[in-house]
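A short write-up of the structure that comes next.
All residue numbers in this chain count up from 1 along the given sequence.
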Amino acid sequence: MELLKELGRRIQKARKEKGLTQQELADQSHFSLKHIQSCERGVKNPSFEILCAFCKVLNLSLDSLMNLDCPDRGRGPPPRVG
């Protein structure tokens with residue numbers, strides 16, 4: 001769950017740096033405002049399609065958005081995404 005919150009923080013930071021409101025990101029990515037809010041809070045796990053839309057609107061690479069620091073890496077299998 002902590003990884004989802006970090007992903008949400010990155011989405012929010014990129015959105016704010018681009019000078020967009022949540023509503024503007026929703027309009028430009030063609031997803032609902034409620035969905036954007038849930039993703040930024042780390043409540044929803046955004047699909048690949050949604051992440052690609054965010055990256056296109058925010059002018060980010062998927063790698064820069066997804067390259068999360070996993071402190072537990074090395075202890076067991078990698079975290080599952082999706």
Side-chain angles (χ1 to χ4, degrees):
M1 190 61 133
E2 188 60 36
L3 291 177
L4 280 180
K5 289 187 182 205
E6 176 59 27
L7 177 59
R9 283 190 286 269
R10 287 182 182 203
I11 293 167
Q12 182 182 58
K13 180 177 184 243
R15 174 182 59 77
K16 287 181 176 181
E17 286 176 355
K18 182 103 175 173
L20 297 176
T21 65
Q22 288 179 328
Q23 184 63 59
E24 289 169 330
L25 178 57
D27 293 343
Q28 292 180 35
S29 63
H30 306 288
F31 292 98
S32 71
L33 173 60
K34 186 173 182 172
H35 200 88
I36 302 295
Q37 292 167 334
S38 295
C39 289
E40 285 191 1
R41 284 194 322 269
V43 174
K44 272 203 186 289
N45 189 353
S47 69
F48 178 74
E49 180 182 357
I50 292 168
L51 290 173
C52 287
F54 289 168
C55 287
K56 184 175 180 179
V57 171
L58 299 172
N59 197 29
L60 294 172
S61 70
L62 192 56
D63 184 54
S64 69
L65 194 59
M66 296 299 298
N67 192 11
L68 303 172
D69 183 27
C70 300
D72 293 336
R73 198 169 276 185
R75 282 195 247 154
R80 288 182 56 148
V81 177

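For the pair L20 and E24, the tightest heavy-atom approach, listed with the atom from each and the gap, is CA-OE1, 3.2 Å. Q23 and L33 get closest at one heavy-atom pair: OE1-CD2, 3.4 Å.
Note: L7 CG to N67 CG = 12.0 Å, rounded to the nearest 0.5 Å. Taking CD1 of I11 as the reference point, atom CD of E6 lies at 10.5 Å (rounded to 0.5 Å). In this structure, Q22 CD and C39 SG are separated by 10.0 Å, a value rounded to the nearest 0.5 Å. A distance of 4.0 Å separates CD in Q12 from NZ in K16, rounded to the nearest 0.5 Å. Rounding to the nearest 0.5 angstrom, the gap separating the CE atom in M66 from the CG atom in L60 is 12.5 Å. Expressed to the nearest 0.5 Å, how far CG of L25 lies from NE2 of H30 amounts to 11.0 Å.
Note on residues 28-48: pairs passing salt bridge (Lys or Arg N to Asp or Glu O under 4.0 Å), not counting sequence neighbours, are R15-E40.
Remark: K13 pairs with E17 by the side-chain contact (heavy atoms from CB on, under 4.5 Å) rule, at least two apart or across chains.
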Could you tabulate the donor-acceptor pairs under 3.5 Å formed by side-chain atoms of residues 48-59, not counting sequence neighbours?
none

